2 protein chains.
Amino acid sequence: MMSLMAHHTDRTSRRIALLKALAHPSRLAIAEALQSGERCVCELTELVGADMSTVSKHLSLMRAAGLLEMEKRGLNVFYRLRCPCLLDFFECVDGLSPATPVLRRRKIR
Amino acid sequence: MMSLMAHHTDRTSRRIALLKALAHPSRLAIAEALQSGERCVCELTELVGADMSTVSKHLSLMRAAGLLEMEKRGLNVFYRLRCPCLLDFFECVDGLSPATPVLRRRKIR
DNA sequence: AGACTACTTGGCGATCTCGCCAAGTAAAGC
DNA sequence: GCTTTACTTGGCGAGATCGCCAAGTAGTCT
């Protein structure tokens, strides 16, 4: 895979990591939940309904992408969003109509 | 996979599809190139340096996600961005500092 | 019509991702 | 110290994704 295209800048790599961090149902649900404030891993585990180990790996990935920050308090680990732009982006995304017909220019004769 | 989390709304599915459509080096490069105007498949093929069939599949996926629209003119097929919000989002993403140390609240004694 | 160009689609191996279980770590409480 | 709670990490099978080649389609041109 990835023939001649492996010329990513750091910026590109970070963009891709952040997009991948959001492009999964559980991770998107986590990001959306965190828009209303920090949550600990057990709360997020209940939210997505998967094994805690699975959720923990999702959170690590999102943190590595720069999307989340974590803070340990007592036995709990709390995660918070670091990206204030999600809401605006999703509003714009949701505004797109779902389908796209093939546009075909009328023949000029 | 996807134990109890298969409760996606249409909106969620569309958000995921759009994020996945961007979360790949070749596809991101295509989206970025299209920010400066439409391109035909052969131009985009040269840009990403992969087989045209590969690029064509990327473009189909991006179109299905609602990100692109296509127009056939003569022998060429031109693709255009349908999402005006990419630039703003990426500016915000690029503004994030790459790493995040584990935050640890000081003990109060 | 036949040849050519620009693109799409089918198929398939190679690689990546996902989720669970099991095992490990770290802080709190006894 | 030992136990419990909250979480992370390793490993592995199952399924998804990716990219190439080969074959098909749709216009253009002569």
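Reckoned from all heavy atoms, side chains included, excluding hydrogens, waters and symmetry mates. Note that the coordinates shown come from a computational prediction; the quantities given were computed from them, not determined experimentally.
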Please tabulate the protein-to-nucleotide N/O contacts below 3.5 Å involving nucleotides 21-24 of chain D, giving atom names and distances.
from, atom 1, to, atom 2, distance (Å)
D:dC21, N4, B:Ser53, OG, 2.8

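- Atom CD1 in B:Ile30 sits roughly 13 Å away from atom C1' in D:dG19 (whole-Å rounding).
- Phosphate contact (OP1/OP2 of C:dT17, side-chain N/O of A:Lys20, threshold under 4.0 Å): present.
- Side-chain atoms of B:Arg82 and B:Leu67, non-hydrogen and from C-beta on, never get closer than 4.5 Å to each other.
- In this entry the distance linking NZ of A:Lys72 with C1' of C:dA26 reads 5 Å, nearest Å.
- What separates CZ of A:Phe78 from P of D:dT8 is a distance of 12 Å, to the nearest Å.
- A salt bridge does not link B:Arg27 with B:Glu32: every distance from a Lys NZ or Arg NE/NH1/NH2 to an Asp or Glu carboxylate oxygen is 4.0 Å or more.
- Residue B:Met52 contributes atom CE, which lies 14 Å from atom C1' of C:dT9 at whole-angstrom precision.
- Within the 3.5 Å criterion, the main-chain N or O of A:Ser56 finds a donor-acceptor partner in the side chain of A:Ser60.
- As a whole-Å value, the separation of A:Arg39 CZ from D:dA6 P is 17 Å.
- For the pair B:Arg80 (side chain) and B:Gly37 (backbone), a donor-acceptor distance under 3.5 Å is absent.
- Between C:dC18 and A:Arg27, a contact under 4.0 Å exists linking OP1 or OP2 to a side-chain N or O.
- Of the residues near DNA chain C, A:Ala23 and A:Leu75, the one whose nearest nucleotide (by heavy atom distance) lies more toward the 5' end is A:Ala23.
- Between C:dT8 and B:Tyr79, a contact under 4.0 Å exists linking OP1 or OP2 to a side-chain N or O.
- To the nearest 0.5 Å, atoms CZ (A:Arg39) and CG (A:Leu68) are separated by 12.5 Å.
- Applying the salt bridge (charged side-chain N to carboxylate O under 4.0 Å, His left out) criterion to B:Glu46, with sequence neighbours excluded, gives no partner residue.
- Spacing between atom CD of B:Glu71 and atom P of C:dC7 amounts to 13 Å, rounded to whole angstrom units.
- Taking atom CG on B:Leu68 and atom P on C:dT8, their separation rounds to 11 Å, with Å as the unit.
- Remark: B:Arg63 does not engage B:Glu69 in a salt bridge, criterion side-chain N to carboxylate O under 4.0 Å.
- For B:Asn76 and C:dT5, the shortest distance from a side-chain N or O to OP1 or OP2 is not below 4.0 Å.
- At the phosphate of C:dT17, neither OP1 nor OP2 sits under 4.0 Å from any side-chain N or O atom of A:His58.
- Rounded to whole Å, atom P of C:dT15 lies 15 Å from atom NE2 of B:His24.
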